[in-house]
Amino acid sequence: MSEPNHRRRMLILAICCMSLLIVSLDNTVLNVALPSMQKEFHAGVSGMQWTIDAYTLVLASLLMLSGSTADRVGRRRIFKAGLIVFTIGSLLCSLAPNLESLVAFRMVQAVGGSMLNPVAMSIITNTFTDPRERARAIGVWGGVVGISMAAGPIVGGVLVESVGWRSIFWLNLPIGLLALALTWRYVPESRAPKPRRADPVGQLLIIALLGSLTYAIIEVPSAGWDSPQILAFAAIAVASLAALLVYEPRRAEPLIDLRFFRSAPFSGATVIAVSAFSALSGFLFLNTLYLQNARGLSALNAGLYMLPMAALTFVCAPLSGRLVGSRGPRLSLLIAGVAMAASGLLFAAFDAERTTALLFTGYVLFGLGFGMVNAPITNTAVSGMPRSQAGVAAAVASTSRQIGQTLGVAVIGAVLAGGMAGVASGAYADRFPDAARPAWWIITGCGLSVLGVGLATSGRWARESARRTAQRLQEPAVQTPADANA
């Protein structure tokens, strides 16, 4: 098949970004609806955590499997299947009669979502063959993540206030169907020249690791650290991790090629993704509950309160994409780390919730930081990776994002639940800032992690590390702006 012309390449990029939009938007748009769901289903904090984490947990568990399967059986085929499953899952979520059904249908959504992001990244990598054009496309891709995150609170607030929380899932239906029709018509089929074989043992170990760890963190406030149930799931997580580290290097084609982590930019992108998205999910979770349950705002007004964060993310996400495309990831990561850490510090040390001016300042800083961090993650992850394995590298980056969101909600929710235990409803507003303070220190630490790791893994020595990794793998490397400008 001949290489698509410029116009068709742009259309393929737009189709891939549409899939990313609905998968990413679904994470943030749901946060604003949590209090409404909580009231309708009479759920506690852990119930709300599972509503979010059921989705991100399945995504994190299946992203790499979906990416390798697409390389083997056809990227276009898996991409279409993902759009169909995700759209059906969204419809089912809008019809959920109870919390248990909603959590189950969110998992169906996530199965479809896992077939979209890594596969779309593979399609982009193989569609844009010119290094600089590919770098700009990756920049746009990373920018869409930030835009979708920014739009979530506003879109969610409007829909919940005007129609009801179920309408947030209806939003996915027209976008998913349109993307499916366009994929059918314009996206060419492609496969990896040497597709990786399935790794069912590695896949089961990843599911056991992430599932048991998340369960233990979410349920520990109610069960206690010394609960046999919590200790059992913690032991399963540790054993799964140990088995994964022993088993995967012995396979000729592992699900997770641990050699990738010899590349400093790749390892850095993984840590940055976990840190940034942990901070984001914790930030949204805390502020949604605070604004609606403590301040008593409606879903729409809560979304409007977070408009400064959304606006800065919306502006900075594409700006960061262009900056990464022209100068590499270092400056974007510097700005992101400083801004996110400063935002968390305002809440942790200066009680920003108690003063509207400080509250909005914290939102502005976090929006600036998160808007700048998305584009560098994918760019840094694929920097120097073999072209045929770019989809796998991008899948690990996407998995790291979802792990970050899962852990952020689990850890921040557990800290908040522990601080609010036994608090009467009348004292909720007064107690909330103190109960949330340890969580804000965690978010501050995540920002500092983005800053430190970003600066450490985006220099010249890190690019050399990426090149050496590609040479060990004995395949041509993907070239990014940092490589082109070196």
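Throughout, residue positions are numbered sequentially from 1 according to the sequence presented.
- Closest non-hydrogen pair, A299 versus V160, comes out as CB-CG1, 3.5 Å.
- Shown here are the ring pair (Phe, Tyr, Trp, His ring centres under 6.0 Å) partners of W440, two or more places apart in sequence or in another chain: F283, F347.
- A distance-only check finds a donor-acceptor pair linking the side chain of R295 to the backbone of E353 [under 3.5 Å].
- Annotation: side chain of I236 is not in contact with side chain of L213 (no heavy-atom distance under 4.5 Å).
- Looking only at distances, a side-chain donor or acceptor of S90 sits under 3.5 Å from a matching main-chain atom of F86.
- The backbone N or O of A120 sits nowhere less than 3.5 Å from a side-chain atom of R75 that would complete a donor-acceptor pair.
- Applying the side chain to side chain donor-acceptor pair (under 3.5 Å) rule to S278 yields no partners; only residues at least two apart in sequence or on another chain are considered.
- At a cut-off of 3.5 Å, with distance as the only test, a side-chain donor of W50 or E219 sits close to an acceptor on the other residue.
- Judged purely by atom type and a 3.5 angstrom limit, Q49 uses its side chain to pair as donor or acceptor with the backbone of V409.
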Do T288 and Q292 pass the side chain to side chain contact (heavy atoms under 4.5 Å, CB included) test, and can you show the C-alpha distance, the side-chain angles, and the key distance before you say yes or no?
CA-CA 6 Å; T288 296; Q292 294 189 54; 3.7 Å; yes

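- Counting heavy atoms from C-beta outward, L30 and I52 have side chains that approach closer than 4.5 Å.
- By the 4.5 Å heavy-atom criterion applied to side chains, L62 and V111 are counted as neighbours.
- Using a distance-only test at 3.5 Å, with no hydrogens or angles considered, a donor-acceptor pair links the side chain of S281 to the main chain of Q405.
- Evaluation of the salt bridge (charged side-chain N to carboxylate O under 4.0 Å, His left out) test over residues 11-22, restricted to residues two or more places apart or in two chains, returns none.
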Worked verdict on F432 versus L289 for side chain to side chain contact (heavy atoms under 4.5 Å, CB included)
CA-CA 9 Å; F432 192 96; L289 295 180; 4.3 Å; yes

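- In this structure, S320 contributes its side chain and M372 its backbone to a donor-acceptor pair below 3.5 Å.
- Side-chain atoms of S212 come within 3.5 Å of backbone N or O of A237 as a donor-acceptor pair.
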Before giving the answer on side chain to side chain contact (heavy atoms under 4.5 Å, CB included), spell out for I15 and F79 the whole-Å C-alpha distance, their side-chain angles and the decisive distance to 0.1 Å.
CA-CA 11 Å; I15 295 169; F79 191 70; 4.1 Å; yes

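- Every salt bridge (charged side-chain N to carboxylate O under 4.0 Å, His left out) that R437 has, sequence neighbours left out, goes to D351, D434.
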Could you go through T127 and L13, starting from their C-alpha distance and side-chain angles, then the distance that decides it, and tell me whether this counts as side chain to side chain contact (heavy atoms under 4.5 Å, CB included)?
CA-CA 9 Å; T127 298; L13 176 61; over 6 Å; no

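- By the side-chain contact (heavy atoms from CB on, under 4.5 Å) test, A234 is found to be paired with no residue, residues two or more places apart in sequence or in another chain being considered.
- No side-chain heavy atom of L20 sits less than 4.5 Å from a side-chain heavy atom of L116.
- The backbone N or O of F261 sits less than 3.5 Å from a side-chain atom of S267, completing a donor-acceptor pair.
- In this structure, the side chain of R106 does not engage the main chain of G89 through any donor-acceptor pair within 3.5 Å.
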Output a table of donor-acceptor pairs, distance under 3.5 Å, between side-chain atoms of residues 355-369 and any protein atom two or more places apart or on a different chain; print 'none' if there are none.
unit_1	atom_1	unit_2	atom_2	d
T361	OG1	A357	O	2.8
Y363	OH	N287	OD1	2.6

